[in-house]
Amino acid sequence: MKTGVVFGGSGLIGGTIVNFYKQRRPGVVDMLAPSSKKVSLQNCQDIRNYLFATKPDFVINAAIANLNADPQLSFEVNYVGAINIARTAAALKIPYFFFSSAATLPQGSGLLETDTLPLNALLSNYAKSKLMAEETLNYMAANEGLDHTIIRLSIVYGNHDHKIQGFHRLLFSIADESMPFLFTKKGTMHSYSNCRKIPYAIHHMIENRQEYSGQTYHFVDPEPVELADLILTIKSHMQLKSPKKVYVPYSVARTGKKSIQIVLRLLTKIGLRATLPPELMFLGAFYRTQTLSSDKLYSSGYTDPMVGETVYTRLPDMIDYYLNRWAHQNLITTLGKKIEFDHQIHEEFKHNPMSLVESIQRDSTAPFEPDTQ
Ligand SMILES: NC(=O)c1ccc[n+]([C@@H]2O[C@H](COP(=O)([O-])OP(=O)(O)OC[C@H]3O[C@@H](n4cnc5c(N)ncnc54)[C@H](OP(=O)(O)O)[C@@H]3O)[C@@H](O)[C@H]2O)c1
């Protein structure tokens, strides 16, 4: 049995990798996933001590500072942390998988792995730190014997995104009926990355290091998707009336965003702290086509484990999962009435908790038998 380490194992992508090895490949890899409390990527000694002590066969970096983190946190976690893992991986002579992002790429269609943005001061903290990490990892592969693979993701979809970011923020805005019109331009296309497929690619790349070492790959579904069509499909799955099929021009949307920013600044003057809703931070991207070519990956030895599965085919299951989750967390109320809870438990927990305590104490408190399997 191999040992692997994933940093960011509580996140959307890291969590999916941990779950894959637990559920789909039991007994193949012991996947360790220290939390940021145990091993912070801001602390070089934490990284070194942990990796030298556990001596894994490979290491994956799926950790990331918040998207709106300040320059220092972005630099320390996304760049220096990534490089300190690489230095330890090079010392241990183990493969290192680094997740990067389409934020390192310009707008355009069919973008190749080589089409990166030039590193410059105007980039967002996130894009800048990812580009810097990519560049230094490639330098270390050429000069320090690092065995690494960079996997660039676009808009990731999948269950268990507990922070409600990216695609799931879009889903949330529609479910919450807080998107009255289409904040995009007709024909704006994007690439999407299927979270469920990522662990299969990682597993294949671990088994075939010669082919994948020192390489960067785009991990996206081959067919790009029109944002307006996706929004309207989600709306029809949820049987909602909004958003209406009216395209809001970027100039209007941008003015709205600026007005909100001014209000937020005024609020700080009276001691209230509020930040821009995450969906508005990426407003510009809703109006720009950015599609990534997946040809390099699909012409390698990797084969798609779920051919034909796309963001569209996954929608019914994801909608079911997220609506239940958000309704239970009291995050959405509009759709709450359509969701079926276990009615009896719901009512008893609300009105008669003592009867639940009595029932649990009567039937379900005996010490568990040791597992005989
Ligand atoms: N999700 C997307 O749409 C998307 C798109 C493109 C690229 N990516 C890339 O995919 C990777 C994973 O993203 P994700 O969406 O899975 O992220 P996520 O759900 O936000 O999870 C972030 C993870 O990073 C960990 N983390 C944060 N600060 C840390 C620190 N100082 N030290 C150690 N760990 C720390 C968190 O651990 P704790 O909970 O323990 O703090 C958490 O497990 C990132 O590299 C991201 O750039 C994601």
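All ligand and atom numbering here is 1-based and tracks the order in the structure. It should be emphasised that the depicted structure is a prediction, and the values quoted were computed from it without experimental measurement.
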Using only heavy-atom distances, determine whether the side chains of Tyr312 and Thr233 contain a donor-acceptor pair under 3.5 Å.
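No, no side-chain donor-acceptor contact under 3.5 Å.
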
Will you find, in the side chains of Asp147 and Ser213, an N or O donor that is under 3.5 Å from an N or O acceptor?
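Asp147 vs Ser213: donor-acceptor pair found between side chains.
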
Decide, yes or no, whether a salt bridge links Lys130 with Glu135 under the criterion of side-chain N to carboxylate O below 4.0 Å.
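Salt bridge: no.
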
Near [X], which atoms of ligand 1 are under 4.0 Å from a heavy atom of that residue?
X	result
Gln165	20 (O)
Ser35	40 (O)
Ser100	7 (C)

Answer yes or no for Arg152: is there a heavy-atom contact with ligand 1 below 4.0 Å?
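Contact check Arg152 vs ligand 1: negative.
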
If you measure every N or O of Ile155 against every N or O of ligand 1, does any of those distances drop under 3.5 Å?
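No, Ile155 has no N/O under 3.5 Å of an N/O on ligand 1.
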
Pairs of nitrogen or oxygen atoms closer than 3.5 Å, one from Ser101 and one from ligand 1: do any exist?
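There is no such contact.
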
Mode of [X] contact toward ligand 1 - side chain, backbone, both, neither (heavy atoms, under 4.0 Å):
X	value
Lys130	side chain
Val39	backbone
Tyr126	side chain
Leu12	both
Ala102	neither
Ala103	neither

Does NZ or CZ of Lys185 come closer than 6.0 Å to the centre of the six-membered ring of Tyr287, within 45° of the ring's axis?
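No, cation not above the ring by the 6.0 Å, 45° rule.
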
Is the charged tip of Arg169 near the ring of Phe172: under 6.0 Å from the six-membered ring centre and within 45° of its axis?
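Yes, cation above the ring, under 6.0 Å and within 45°.
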
